[in-house]
Enquirer: 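Starting off with a structure, shown below.
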Amino acid sequence: MPKTADIRLPDPSRWKALAFIALAQLMVVLDATIVNIALPHAQTALGISDANKQWVITAYALAFGGLLLFGGRIADLWGRKRTFVVGLIGFALASALGGAAQNQGMLFGSRALQGVFGALLAPAALSLLAVTFTDAKERAKAFGIYGAIAGGGGAVGLILGGFLTQALNWRWTFFVNIPFAIVAALGAYFVIREPAGSRNRSSLDIPGVVLSALGLVSLVYGFTRAESSGWSDALTIGMFIASGVLLLAFVVTESRVSSPLMPLRVLLDRNRGGVYLSLGLAIIAMFGLFLFLTYYLQVVRGYSPIRTGFAFLPMIAGMITGSTQIGARLMTRVPARKLMGPGFLTAAVGMLLLTQLEISSSYTLLILPAQLLLGLGMGTAFMPAMSLATHGVEPRDSGVASAMVNTSQQVGGAIGTALLNTVAASAATAYATSHAALGATDPELLKLQSMVHGFTGAIWWAVGILVAASAIALTFINAGRPSMAATGGASGSGDADGVEDEFKVPVVAH
């Protein structure tokens, strides 16, 4: 049995380490949206058909989502620093391949490779943060910065993607990753000091790797295919059935093997389970919003790519404020659920405002305040969610616990894009059909009205999803506020509600 050791002195270079971890996380998160802006230009340049263009997004999503648990286990086995550096170097090489692509196969392959190395990089980054910052106040600040990047990086990607595509060309949306990766890798090599005795050197669970990878790939591909081929498509249904069978077999396997890929003790903890579920739901709503607002601003309002990117700045400002000024300052004073629950509800109010979108809606009076509320709410909720997801796990399990955070985000993003886009498309078609029958005379106006109607219909779903995320956070999560002392000390006295203070990380000696 592990035993509690003396309190470990903090790493004097921990804040420098945070800068390089945050830089790597920013690169991974913005890559999810930066390519979306450049996709039409890349499609034209390489002659990619409409039927195949989805693979620029899908190839990355399948590799990244399918291998995240494996990447988290590799981080625990190899060491987080080594995995982090390897992930950065590989991501840079894959990005260079994508930027130099001469045909669609080369581009699709580079995106898949980016997903593979991203699956190593993302859980290693979060688990490094978890084992580096153990003092409650410092941990709050560190995860505040990380949460702001995790939440706002997608919007930053829209800005950067618009600028690079319009000012240079689409290839620079890939090449821009190279300096990010080189700086982060060099910084990590010379600055990051991984705590001793925190690796999990158990043998690799090969059946778990295969079952989890195939199950997650089937799930992500099912939702991706549903977006393009419909929910009743035979292959879509088959992917969902296969995913259910494979993931069930994975859970059964993990309960029986001696060295599981995903120890069920990590997954079944009610606090971490509440974080994974509520965070995944919130990402569903958020990714749907990125999609709809991007189309609304560019197609309906005629914004350029750069102007569209800058139109998302209020959301970024709100996320940074919510994460670093609200979440980080209150995390050591109130339980996590009292930040996450109200945070998701605040975001739901912002989303509710966007249900009032019309063709001529004012950006200043409607979209800007809605984005501020969304950013404030998401930033306030993301920060304690990221921290609680890895708090209380043994250091040897921090990699897989971190991987589950990224898995919930990745699967949530795939579901959000497919589900809400399908809802929007169905609502738009119904609106166009009914109004055409009523004798609408301007086809172009009817097309825009139908599109906006579809967006608002899907946004109503997003409002409900955020309310559900808030309810789950308030119901499932019962951890008290973090102990104000460095972790590994005496247990805390609990929060004001009398809930036992479970929000601690033990320092484990092996």
Side-chain angles (χ1 to χ4, degrees), residues 27-67 90-119 154 157-178 217-218 220-230 233 235-236 239 287-288 290-292 294-295 297-299 303-306 308-309 410 413-414 416-418 420-422 424-425 447 451:
M27 179 188 71
V28 171
V29 173
L30 66 82
D31 190 74
T33 52
I34 193 173
V35 175
N36 289 356
I37 295 287
L39 180 55
H41 298 266
Q43 181 183 358
T44 301
L46 299 181
I48 302 172
S49 68
D50 285 337
N52 287 336
K53 70 178 181 180
Q54 64 164 326
W55 285 103
V56 177
I57 307 300
T58 303
Y60 178 85
L62 291 179
F64 190 69
L67 294 175
F91 201 92
L93 292 174
S95 298
L97 182 65
Q102 299 301 307
N103 53 60
Q104 63 178 17
M106 194 172 171
L107 183 62
F108 299 160
S110 72
R111 290 291 285 164
L113 281 175
Q114 279 185 313
V116 170
F117 288 106
L158 294 173
I159 297 174
L160 190 57
F163 173 78
L164 291 172
T165 302
Q166 194 165 319
L168 298 170
N169 62 54
W170 67 269
R171 296 183 184 276
W172 283 94
T173 60
F174 288 89
F175 290 146
V176 72
N177 291 326
I178 298 173
V217 163
S218 299
V220 172
Y221 184 64
F223 278 105
T224 302
R225 185 172 177 84
E227 181 184 0
S228 58
S229 302
D233 175 73
L235 185 55
T236 300
M239 286 294 102
F287 265 64
F290 283 153
L291 178 70
F292 299 140
T294 299
Y295 272 89
L297 293 171
Q298 289 197 42
V299 178
Y303 283 24
S304 68
I306 291 179
T308 300
Q410 184 65 24
T417 303
L420 297 182
N421 196 44
T422 302
K447 178 182 177 181
M451 185 181 296

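Note: hydrogens, waters and symmetry copies are ignored here, and every other heavy atom, side chains too, is used.
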Enquirer: Does F108 reach the side chain of I48, with side-chain heavy atoms less than 4.5 Å apart?
Expert: yes
Enquirer: For L235 and D233, work out which heavy atoms get closest and say how close.
Expert: N-OD2, 3.1 Å
Enquirer: Under the rule for side chain to side chain donor-acceptor pair (under 3.5 Å), what residues qualify as partners of T422, not counting sequence neighbours?
Expert: W231
Enquirer: Kindly compute the distance separating CZ (R111) from CZ (F64), expressed to the nearest 0.5 Å.
Expert: 11.0 Å
Enquirer: Using every non-hydrogen atom in the two residues, find where A424 and F292 come nearest and quote the distance to one decimal.
Expert: CB-CE2, 3.7 Å
Enquirer: Can you list everything that forms a ring-ring contact (aromatic ring centres under 6.0 Å, His included) with F175? Sequence neighbours excluded, please.
Expert: W172
Enquirer: Excluding sequence neighbours, so at least two apart, what forms ring-ring contact (aromatic ring centres under 6.0 Å, His included) with F174?
Expert: none
Enquirer: Only counting residues at least two apart or in another chain, list the ones meeting side chain to side chain contact (heavy atoms under 4.5 Å, CB included) with V217.
Expert: L62
Enquirer: Please tabulate, one pair per line, all N/O donor-acceptor pairs under 3.5 Å involving side-chain atoms of residues 94-104, not counting sequence neighbours.
Expert:
unit_1: S95; atom_1: OG; unit_2: F91; atom_2: O; d: 2.8
unit_1: S95; atom_1: OG; unit_2: Q114; atom_2: NE2; d: 2.9
unit_1: S95; atom_1: OG; unit_2: N177; atom_2: ND2; d: 3.1
unit_1: Q102; atom_1: NE2; unit_2: A100; atom_2: O; d: 2.9
unit_1: N103; atom_1: OD1; unit_2: G105; atom_2: N; d: 3.2
unit_1: N103; atom_1: OD1; unit_2: M106; atom_2: N; d: 2.8

Enquirer: With sequence neighbours left out, what residues match N169 under side chain to side chain donor-acceptor pair (under 3.5 Å)?
Expert: none
Enquirer: Assess the residue pair W170 and L46 against the criterion (side-chain contact (heavy atoms from CB on, under 4.5 Å)); give the C-alpha distance rounded to whole Å, side-chain angles, the decisive distance to 0.1 Å, and a yes or no.
Expert: CA-CA 11 Å; W170 67 269; L46 299 181; 3.9 Å; yes
